[in-house]
Amino acid sequence: NAGVTQTPKFRVLKTGQSMTLLCAQDMNHEYMYWYRQDPGMGLRLIHYSVGEGTTAKGEVPDGYNVSRLKKQNFLLGLESAAPSQTSVYFCASSFRGRNTEAFFGQGTRLTVV
Amino acid sequence: AQKVTQAQTEISVVEKEDVTLDCVYETRDTTYYLFWYKQPPSGELVFLIRRNSFDEQNEISGRYSWNFQKSTSSFNFTITASQVVDSAVYFCALSETDSNYQLIWGAGTKLIIKP
């Protein structure tokens with residue numbers, strides 16, 4: 001079972017470059033999330049989606065955009081990468097919202113130089 | 001102010017010792033959910049438990065147990081007879097009505113089990 005798959009797993013960007021992180025889930029979950037994890041800070045929610053075609057801002061949305069054109073996919077875009085966006089990014093999905101467990105991808109380690 | 005506090009940044013014990021990871025939360029909601037996740041060195045986050053605010057019964061799953069006390073706003077996690085494979089970062093998280101669909105995460109406790 002694939003669960004939640006993130007691509008790529010590692011990436012190095014130069015300041016100002018753009019990229020898209022892809023998250024795919026095969027569990028038919030309605031809810032999907034993008035988090036970033038920084039040392040000593042736990043996870044912080046960037047954007048989330050409660051269903052196909054919907055997106056909403058989380059705690060730290062600035063500098064990121066998302067799209068959920070298909071139920072199984074949730075894309076995270078960085079239009080102009082900055083060193084402050086160096087982080088580990090996690091995608092997650094859940095069947096329902098806040099009261100159900102989330103399943104996480106393996107993470108994407110992004111370095112912006 | 002921190003809504004989920006994991007005061008122990010790092011704990012190191014010898015294999016077979018018992019260890020308790022603390023989690024203190026803050027919320028005004030009467031209905032909320034608490035979670036524990038494990039992040040082993042490989043990096044993925046693994047769900048361990050979910051508890052709703054109306055269920056104060058302690059939970060035991062093998063060597064793992066959780067103590068939920070609303071009176072002290074704590075949801076502590078104990079590993080009995082620890083093993084090297086328990087080495088990981090453990091996160092406590094809170095989901096409350098006001099946070100919509102967000103999970104509010106603690107900073108995590110790094111647990112090191114020495115052989």
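Owing to the predicted nature of the structure, the values given are computational and were not obtained by experimental measurement. Residue numbers begin at 1 in each chain, while the letters A, B, ... track the order of the sequences.
Between chain B and the options Ala92(A), Pro39(A), Ala102(A), the largest number of non-hydrogen pairs under 4.5 Å is found for Ala102(A). Highest contact tally toward chain A, considering only Glu44(B), Gln39(B), Lys110(B), is held by Gln39(B) [criterion: heavy-atom pairs under 4.5 Å].
For the pairing with Phe74(A), the side chain to side chain contact (heavy atoms under 4.5 Å, CB included) check across Val4(A), Thr55(A), Leu21(A) returns one residue only, Thr55(A).
With a threshold of 4.5 angstrom between heavy atoms, Gln37(A) approaches chain B through side-chain atoms but not through N, CA, C or O. In this structure, chain A has no heavy atom under 4.5 Å from any part of Gln6(B). Phe90(A) touches chain B through its side chain: at least one heavy atom from C-beta onward sits under 4.5 Å away, while N, CA, C and O do not.
Taking both residues in full, the closest heavy atoms of Ile113(B) and Ser87(B) are given as N-OG, 3.0 Å, listed atom of the first, atom of the second, then distance.
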Quiz item: Would Ser74(B) and Tyr25(B) count as a side chain to side chain donor-acceptor pair (under 3.5 Å) if you check the C-alpha gap in whole Å, the side-chain angles of each, and the deciding distance to 0.1 Å?
Solution: CA-CA 6 Å; Ser74(B) 65; Tyr25(B) 63 92; over 6 Å; no

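Phe47(B) and Phe103(A) have their aromatic ring centers separated by at least 6.0 angstrom.
With a 6.0 Å cutoff to the six-membered ring centre and a 45° limit on the axis angle, Lys70(B) counts as a cation-pi contact of Phe54(B).
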